[in-house]
Asks: 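Submitted below is the structure of interest, expressed as structure tokens.
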Amino acid sequence: MARPTPISGFPELLPEQRVVEQHAIDTLRRTFELHGFAGIETRVVEPLDRLAKGGEIDKEIYVLRRLQADDSASDAGLALHFDLTVPFARYVLENAGKLEFPFRRYQVQPVWRGERPQVGRYRQFTQADIDIVGRDELPFHHDVEVMRVMVEAISALPVPPVSFQLNNRKLIQGFYRGLGLTDLTAAIRVIDKLDKLAPEAVAALLVEQVGASEEQAARCLELATIRVGDTSFVERVRALGVTDELLDEGLAELAAVVEGCASAAGERVTVEANLRIARGLDYYTGTVVEIFMEGYEHLKSVGGGGRYDRLADDGRNVYPGVGVSFGLTRTLVPLIADGVLAGSRKVPSAVLVAVADEETRPASDEVARALRSRGVPCEVAPTAARFGKQIRVAERRGIPFVWFVQDDGSHQVKDIRSGDQVAADVAAWVPPAADLRAGTVRPG
RNA sequence: GUGGGUAUAGCUCAGCUGGUAGAGCGCCGCCUUGUGGUGGCGGAUGUCGCGGGUUCGAGUCCCGUUACUCACCCCA
């Protein structure tokens, strides 16, 4: 059979690359759990009518169908989830009686979208989400909290610096209302084009499509170009002379989030108020965030999220939520491809136990057993080849140590990077902590 | 969904106006008979994406097809 070819948009990693992803997941999980977020995993399918809400994303949904399905099949109308928020909202409703609110959870799972793949854009990709959801109400301080947790989580990853660009929908909405603009959605859509169009062109569109006066359009642009790393945006917005209650509320909230995240931020993660960030999705009602990675701005955001006052609604209760999503695949796959990140070795083993000849393989097996009993990952040489070849087996796999059982029954362990070989006690030897497990390295 | 590019060894690629396929790296062996890496010598490997056409002859030209890839759209 001819060699199979990859399927575009469905990335697969080699073992030494998977190490990077696994390490990132472990790191995120540690931070999430430190903050009391519970891990859940939802099924990968949802009823199609729950996923399809009339958005453009609809046509990107993969539906599930049995090859021999007839119309009455019970799996008719199932589809793969395209994010983790919709399944989570459903999960909350389904288990509302068994969950404690406010409920905080993290979730790291693949999602599927039938888009045309490109760099950083896949049809199957893994997201890491954290959300906090309340019943009927969710105090604002959770907005600050959830952003802080993600700032901390990403800070612990060995990725290039990332930037949290924060805004608040109340601020935008209040500003536009105070300005006298009515079609908020249209205005946001036009402002979003600042990426591609010159400010003058955007202003023209505001006049044409949103019905703004030239004066109003100018004000909108002034707002949209405010971008600062502290709370000084409050004064700058006020200076624009628009007054509105909702605007005040939005300003206060955004200031609180920016300030709250500042102490968690550092060299690896910066936080800014960027008043042109809106996010396309309609369900955001307050805090919004988009995350960008330095040197990888062409990927667009590597994460995003915000506040949604109606995450879920069962008719009796509403469940407001606030959350952030981090695109693991989008972040990691390009970094791995560029050689920015790599696995430290191809196998978990820290030690290869050499085999002198097949008659003494049991002695080598015994060494491995002893090492494993102390938590040292190791494997026994596949063949009793010349020692030079056995060392090469280790070298190819990136295994740092080779263990030899001498003819007289004594033991030696060799660090094949330095060539140093020393006597070792099979009942006590452990590798340096840095060599114990495969990890992520930055070759560049 | 729309438009462009590409497809040759494990990898990166060369192969001119058509004449039975190459390099570098990697891999294997030996120099080196129980200790790798450097060096020297030797060696193996391809349905040239797939199908059809033109031709005495196609990796090369034409048509089709599939896959990958880039851009638009949109998003993590």
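Letters A, B, ... are given to chains in the order of the sequence lines, protein chains preceding strands, and every chain is numbered from 1.
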Asks: Under a 3.5 Å cut-off for both distances, is B:rA44 Watson-Crick or wobble paired, and to whom?
Replies: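 By the stated definition (distances under 3.5 Å), nothing pairs with B:rA44.
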Asks: Side chain of A:R330 only, heavy atoms from C-beta on: which candidate in B:rA76, B:rG36, B:rU69 is closest?
Replies: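 Of all the options, the side chain of A:R330 is nearest to B:rA76.
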Asks: Hey, is A:F125 doing a stacking thing with B:rA76, by the 5.5 Å centroid and 30° angle criteria?
Replies: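 Aromatic stack with B:rA76 present for A:F125.
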Asks: Do A:R310 and A:D313 sit within salt-bridge range, that is, some charged N less than 4.0 Å from a carboxylate O?
Replies: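 So A:R310 pairs with A:D313 through a salt bridge.
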Asks: Please identify which of these residues, A:T285, A:T287, A:D143, meets the side chain to side chain donor-acceptor pair (under 3.5 Å) condition with A:R307.
Replies: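 That would be A:D143; it is the only one of A:T285, A:T287, A:D143 passing the side chain to side chain donor-acceptor pair (under 3.5 Å) with A:R307.
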Asks: Which nucleotide sits closest to the side chain of A:E115: B:rC27, B:rC74, B:rG36?
Replies: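 Nearest listed nucleotide: B:rC74.
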Asks: Does a salt bridge link A:K414 with A:D420, judged by any charged N lying under 4.0 Å from a carboxylate O?
Replies: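 Salt bridge absent between A:K414 and A:D420.
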Asks: Between P on B:rC68 and CZ on A:R123, what's the gap in Å once rounded to a whole number?
Replies: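 In whole Å, B:rC68 P and A:R123 CZ are 7 Å from each other.
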Asks: Using the P atom as the reference point in each nucleotide, state the distance between B:rU33 and B:rG51 in Å, no decimals.
Replies: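 It comes out at 49 Å once rounded to the nearest Å.
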Asks: Measure from CD on A:Q107 to P on B:rA76 and round the result to the nearest Å.
Replies: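 Rounded to the whole Å, the gap is 16 Å.
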Asks: Write down the distance between CD1 (A:I154) and P (B:rA76), rounded to a whole number of angstrom.
Replies: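 Those two atoms, CD1 and P, are 14 Å apart.
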Asks: Of the candidate nucleotides B:rU35, B:rG37, B:rC72, which contains the atom at the shortest distance from the side chain of A:F404?
Replies: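 Comparing B:rU35, B:rG37, B:rC72 against the side chain of A:F404, the answer is B:rU35.
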Asks: What interatomic distance, in whole Å, is found between C1' of B:rU20 and the corresponding atom of B:rU6?
Replies: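 Straight-line distance between the two C1' atoms is 26 Å.
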Asks: With a 3.5 Å limit on both atom pairs, tell me what B:rA76 is paired to, counting Watson-Crick and G-U wobble, or say none.
Replies: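 Its partner: none found.
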Asks: Where the side chain of A:R396 is defined as all heavy atoms beyond and including C-beta, which of B:rC27, B:rG36, B:rG1 is the nearest nucleotide?
Replies: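 Among B:rC27, B:rG36, B:rG1, the one nearest the side chain of A:R396 is B:rC27.
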Asks: Let's test your reading of the model: under 3.5 Å, does the base of B:rC74 pair with the side chain of A:R121 as donor and acceptor?
Replies: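 Present.
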Asks: Give a yes or no on whether a salt bridge exists between A:R18 and A:E21, defined as a side-chain N under 4.0 angstrom from a carboxylate O.
Replies: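 Yes.
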Asks: Using the P atom on both, measure B:rU35 against B:rC30 and round to a whole Å.
Replies: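 Each nucleotide's P atom is 13 Å from the other's.
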Asks: Find which nucleotide of RNA chain B each of A:I391 and A:V119 is nearest to by heavy atoms, and output the residue with the more 5' nucleotide.
Replies: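 The 5'-side residue here is A:I391.
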Asks: For atom C1', what is the distance between B:rG49 and B:rC68, given to the nearest Å?
Replies: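 One C1' to the other, the span is 10 Å.
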Asks: Please work out if A:Q421 contacts a base, only the sugar-phosphate, or nothing of the nucleic acid, heavy-atom cut-off 4.0 Å.
Replies: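 Result for A:Q421 = base.
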Asks: Rounding to an integer number of Å, can you tell me how far A:I7 CD1 sits from B:rA67 P?
Replies: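 Rounded to whole Å, this separation is 10 Å.
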Asks: Got a salt bridge between A:R43 and A:E46, using NZ or NE/NH1/NH2 to carboxylate O under 4.0 Å?
Replies: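 Salt bridge between A:R43 and A:E46, a charged N being under 4.0 Å from a carboxylate O: yes.
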Asks: Would you kindly give the CZ-to-C1' distance between A:R116 and B:rC72, to the nearest whole Å?
Replies: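 For the pair A:R116 CZ and B:rC72 C1', the rounded distance is 11 Å.
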Asks: Who is the Watson-Crick or G-U wobble partner of B:rU6, with both distances under 3.5 Å?
Replies: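 By the stated definition (distances under 3.5 Å), B:rA67 pairs with B:rU6.
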Asks: Taking atom P in both B:rG46 and B:rG10, what distance in whole Å separates the two?
Replies: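 To the nearest whole Å, 8 Å.
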Asks: Reading RNA chain B from 5' onward, which residue's closest nucleotide shows up sooner: A:R392 or A:D407?
Replies: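 Looking at the nearest nucleotide for each, A:R392 comes out on the 5' side.
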Asks: Taking the side chain of A:Q118 as its heavy atoms from C-beta onward, which of B:rU35, B:rC73, B:rA76 lies nearest to it?
Replies: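 The answer is B:rC73, which lies nearest to the side chain.
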Asks: Measure from the side-chain N and O atoms of A:D365 to the backbone N and O of A:A368, and report whether any donor-acceptor pair falls under 3.5 Å.
Replies: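 Pair absent, no side-chain N/O of A:D365 close to backbone of A:A368.
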Asks: I'd like to know if A:E145 pairs up with A:R148 as an ion pair, taking the criterion as any Lys NZ or Arg NE/NH1/NH2 lying under 4.0 Å from an Asp or Glu carboxylate oxygen.
Replies: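 A:R148 and A:E145: not salt-bridged.
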Asks: Distance check, P atoms only: B:rC27 and B:rG22, in whole angstrom units.
Replies: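 It comes out at 23 Å once rounded to the nearest Å.
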Asks: Between A:L14 (CG) and B:rG26 (C1'), how many Å, whole number?
Replies: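 Those two atoms, CG and C1', are 15 Å apart.
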Asks: Below the 4.0 Å mark, does B:rA67 have OP1 or OP2 next to a side-chain nitrogen or oxygen of A:S8?
Replies: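 Answer no for this pair, as no side-chain N or O of A:S8 is under 4.0 Å from OP1 or OP2.
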Asks: In the structure shown, which nucleotide is the Watson-Crick or G-U wobble counterpart of B:rA23, with both distances under 3.5 Å?
Replies: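 Pairing partner: B:rU12.
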Asks: From B:rC68, B:rA76, B:rU35, pick the nucleotide closest to the side chain of A:S301?
Replies: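 Selected nucleotide: B:rA76.
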Asks: Taking only the C1' atom of each, what is the distance from B:rG59 to B:rU8 in whole angstrom?
Replies: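 The answer is 7 Å between these two C1' atoms.
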Asks: Roughly, in whole Å, what's the span from CG in A:D357 to C1' in B:rU33?
Replies: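 Between C1' of B:rU33 and CG of A:D357: 15 Å.
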Asks: I'd like the P distance from B:rU55 over to B:rC48, given in whole Å.
Replies: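 So the two P atoms sit 23 Å from each other.
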Asks: Are the side chain of A:R345 and the backbone of A:D435 linked by a donor-acceptor contact shorter than 3.5 Å?
Replies: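 Between the backbone of A:D435 and the side chain of A:R345 there is a qualifying donor-acceptor contact (under 3.5 Å).
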Asks: Looking for any heavy atom pair under 4.0 Å, which part of the strands does A:K389 touch: base, sugar-phosphate only, or nothing?
Replies: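 Sugar-phosphate only.
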Asks: Quick one: label A:L328 by what it contacts on the DNA or RNA (base, sugar-phosphate, nothing), any heavy atom closer than 4.0 Å.
Replies: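 The answer is nothing, as A:L328 stays clear of every strand by at least 4.0 Å.
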Asks: Provide, to the nearest angstrom, the distance between the CG atom belonging to A:D420 and the P atom belonging to B:rG37.
Replies: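 In whole Å, B:rG37 P and A:D420 CG are 17 Å from each other.
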